[in-house]
Amino acid sequence: MRMSRPQPEKWITKDYWRLETPPASYATHDGWSNADVDVVPVEQRNWKAVNYLFLWLSDGANVGTMQQAASIVALGLSWKEASAAIAIGNIIIAGAITLNGAIGSRHHIPFSIASRASMGFYFSYFAVVSRMVLGLIYFGINTYIGASCMLIMLEAIWPSLIDLPNTIPGNVGVTSNRMIAYFVFWTLQFPLVMIHPRKMRWLFFIKSIFAVVAAFATLGWAVKTAGGAGPIFSKPPTATGYNLSWAWVSGINVAIAGKTTLAINMPDLTRYGNRPSVSYWQMLFVPVVYFTFSFIGIVIASAGQAIYGTLYWDPTAIVALWDSRAAKFFVAFAFGLATLGTNISTNSIASSNDFAFLFPRWINIQRGAFLTAFLGGWATCPWQIQASAKSLTTFLSGYVIVLSPLLSIMITDYWLLRKTHLHVPLLYQNEGIYRYKGGVNWRAVATLFVVVPINLPGLMNAIDNNVKIGNFAFFYRASWLTSFFITATIYYTLSKIFPPTSTYVDWTVESMDEAESDPALAHAPSLSHNNWETTGEKERRSDGDDGKSPTNSTHDRKAYV
């Protein structure tokens, strides 16, 4: 029998695009979760510790990491002091990445679901939207940075592209040849963005190989050509006295702040880990990888100054000056690939998870990646962001004063207050124990209302130096450190004085079957068996069934009612 082709009209119907809520979902209502928001099944937990090493290598061996040293040396530190500040900062942020990532590797849930334990069922949407908006903007910015590498590659193949007449108006903020490079890079990036995160470990492996080889090849060329490490290594610090002390604090803060998004995102990656211990390896991987490539960036910039007489902190600017077109192409390709890896791990995966969480009936991770690619890549107009006044980019980097408190609340809540114990199924339910009052944990809200304004004067001064704020300018130099630790103190204190005892469990419950099989749970008022009813039982009772007939359906998960 010949099968008829689907009618084109089906493409414009709601039923065609609606996702089916998977049978294993713990959500209270159909359409409140989907396979990419649910707990990762055992057979899909295939990331090993070494896969996370490749993730960090592909992320660390990029242009941004090497440029980071520039902003720290510019504060007035010597190369030794800048290197030490980078090392200290990366150790601190590695601790945050490890602690937050453990939530994913232990319970295999995304950031969006994990945040409900500390934020409340509905206030968690604030944290998710905050991360998603920033992720979309930075997806476009990183794509634009990758386009710089693509432009070098295209010019290496077609040198005439260098002199291509610009037909784009100057107020747009981009030239014709750079827009061509942007389009090519975005087009090549798009299919890789669409790969599901659980299958991306091989992509990060390939990227890490190219990026590491290119970084060390550029390092070898620079040292050999310059005949040494260059003039930066003989320069003393330019800051003295208390300015030197604050330069140290600022340098550490810079090293930390750039990876705050990754620290927030980590559960989205570690949820695919094959064992809980995979998250703890980040405590080693992050400091070693980022210190190594930050130091390489210092050496390349210093040697480049000896060769060309100009200090280039962007290694691709040095690569663009090479005579060998083949060498230019290969190194630019590797750095572009590393930038792509950063864009996926830092921005694409996070935004895709957020879209799936916000619209689970319609969007899964792959559809979220599609939206991220188009909205983040084009709707944000990253070329205008890069070409605009410094105030906008400063504001975006200053958004850490919101992300850092969110990260601190999650870590404090999970490790110090809950002692790592979560009732995972109830995280998915709007009437579960993590609802709090009105779906909002007022302790988290109160903490944010106190902590975020503390750094607002400093952010205003960073955007516009004409805004005089006195000593608050120094306070802002430690914005991540102040935000994180003040948040932890306030949130912990409020939670101890006014403990949300109804949200605490004495041990971790990973599945509803586990909760039912443990007799001790019957003594917990909020987890009493009388408060549970399977979806199937409700449906059968409404049809006149007494609900006593046995069933093996995986759809009959318990729902809190």
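How far CZ of Arg116 is from OG of Ser124: 5.0 Å, rounded to the nearest 0.5 Å. Atoms OH and CG, on Tyr290 and Leu57 in that order, are 9.5 Å from each other to the nearest 0.5 Å. Here CG of Asn142 is found 7.0 Å from OG1 of Thr346. Values are rounded to the nearest 0.5 Å. Rounding to the nearest 0.5 angstrom, the gap separating the CG atom in Leu481 from the CD1 atom in Ile92 is 5.5 Å. Separation of atoms CD1 (Ile97) and CG (Leu99) is listed at 10.5 Å; rounding is to 0.5 Å. Put simply, CD1 on Ile344 and CG on Leu203 are 5.0 Å apart, with the number rounded to the nearest 0.5 Å.
Every residue two or more places apart in sequence or in another chain that forms a side-chain contact (heavy atoms from CB on, under 4.5 Å) with Pro41 is listed here: Glu43, Gln44. Listed by chain and residue number, Tyr26, Arg45, His108, Ile109, Val424, Tyr428 satisfy the side-chain contact (heavy atoms from CB on, under 4.5 Å) test with Val39 (two or more places apart in sequence, or in another chain).
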Under the side-chain contact (heavy atoms from CB on, under 4.5 Å) criterion, do Phe204 and Ser345 qualify, and how do the steps go?
-> CA-CA 9 Å; Phe204 290 124; Ser345 62; 4.0 Å; yes
Residue pair Ser479, Asn455: steps toward the side-chain hydrogen bond (donor to acceptor under 3.5 Å, both in side chains) verdict | CA-CA 6 Å; Ser479 57; Asn455 279 300; 5.2 Å; no
Under the side-chain contact (heavy atoms from CB on, under 4.5 Å) criterion, do Asp59 and Leu262 qualify, and how do the steps go?
-> CA-CA 10 Å; Asp59 186 81; Leu262 269 170; 3.7 Å; yes
Can Tyr414 and Leu422 be said to form a side-chain contact (heavy atoms from CB on, under 4.5 Å), step by step?
-> CA-CA 8 Å; Tyr414 180 73; Leu422 292 176; 3.8 Å; yes
Can you list the steps and then say if Phe123 with Trp442 is a ring pair (Phe, Tyr, Trp, His ring centres under 6.0 Å)?
-> CA-CA 9 Å; Phe123 189 59; Trp442 66 266; over 10 Å; no
In sequence, state the C-alpha distance, the side-chain angles, and the governing distance for Arg418 and Thr503, and then conclude on side-chain hydrogen bond (donor to acceptor under 3.5 Å, both in side chains).
-> CA-CA 9 Å; Arg418 301 188 185 279; Thr503 70; 3.2 Å; yes
Just do the side-chain contact (heavy atoms from CB on, under 4.5 Å) check on Ser348 and Phe139 with the steps written out, would you?
-> CA-CA 7 Å; Ser348 175; Phe139 180 90; 4.0 Å; yes
Give the intermediate values and the outcome of ring pair (Phe, Tyr, Trp, His ring centres under 6.0 Å) for residues Tyr125 and Phe357.
-> CA-CA 9 Å; Tyr125 286 85; Phe357 172 76; 4.7 Å; yes
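No donor-acceptor pair closer than 3.5 Å links the side chain of Thr380 to the backbone N or O of Gly140. The closest donor-acceptor contact from the side chain of Ser58 to the backbone of Ser208 lies at 3.5 Å or more, if one exists at all. For the pair Lys259 (side chain) and Ala255 (backbone), a donor-acceptor distance under 3.5 Å is present. Formation of a donor-acceptor pair under 3.5 Å by the Thr493 side chain with backbone atoms of Thr489 is found in this model. Panel note: side chain Asn90, backbone Val288; no donor-acceptor pair is recorded below 3.5 Å. Of the possible donor and acceptor atoms, one in the side chain of Thr508 sits under 3.5 Å from a partner among the backbone N and O of Thr420.
The nearest pair of heavy atoms linking Leu340 to Lys207 is CD2-NZ, 3.0 Å. The nearest pair of heavy atoms linking Ala96 to Ile411 is O-CD1, 3.7 Å. Across Ala49 and Val278, no two heavy atoms sit closer than the pair N-CG1, 3.9 Å. The minimum heavy-atom distance between Ala338 and Asn62, with the atom names listed, is CB-CB, 3.8 Å. Minimum heavy-atom separation, Pro382 to Ile141: CB-N, 3.7 Å. A pairwise comparison of heavy atoms in Asn441 and Ser118 identifies ND2-O, 2.6 Å as the closest pair.
No side-chain heavy atom of Ile433 sits under 4.5 Å from any side-chain heavy atom of Ser502. You'll find the side chain of Arg367 stays beyond 4.5 Å of the side chain of Phe355, heavy atoms only. In this structure the side chain of His423 never reaches within 4.5 angstrom of the side chain of Leu427, judged on heavy atoms. Using a 4.5 Å cut-off on side-chain heavy atoms (C-beta onward), Ile454 and Ile401 make no contact. Gln189 is listed as a side-chain neighbour of Asn343, based on a closest heavy-atom distance under 4.5 Å. Between Pro405 and Ser483 the shortest side-chain heavy-atom distance falls below 4.5 Å. Here the side chains of Tyr272 and Pro197 are in contact, with some heavy-atom distance below 4.5 Å. No side-chain heavy atom of Ile103 sits under 4.5 Å from any side-chain heavy atom of Arg271.
Judged by distance alone, the side chains of Ser105 and Thr270 never bring a donor and an acceptor atom under 3.5 Å apart. Donor-acceptor pairing under 3.5 Å is lacking for the side chains of His196 and Gln366. For the residue pair Tyr491 / Asp413, a side-chain donor-acceptor distance below 3.5 Å is found, with atom types taken as modelled. Side chains of Asn353 and Ser112: no donor on one and acceptor on the other come within 3.5 Å. Neither side chain, Asn347 nor Thr372, offers a donor N or O lying under 3.5 Å from an acceptor on the other. A donor atom on one side chain and an acceptor atom on the other are not found under 3.5 Å apart for Asn46 and Lys199.
If you look at Phe484 and Trp480, their ring centroids are closer than 6.0 Å. Remark: aromatic rings of Tyr52 and Trp47 are close, center separation under 6.0 Å. Centroid-to-centroid, the aromatic rings of Trp186 and Phe374 come within less than 6.0 Å.
Within the structure, salt bridge (Lys or Arg N to Asp or Glu O under 4.0 Å) contacts touching residues 122-132 (residues at least two apart or in different chains) are Arg131-Asp268, Arg131-Asp354.
Using the six-membered ring where Trp is involved, Phe205 and Trp202 have ring planes that are perpendicular, over 60° apart on the 30 and 60° scheme.
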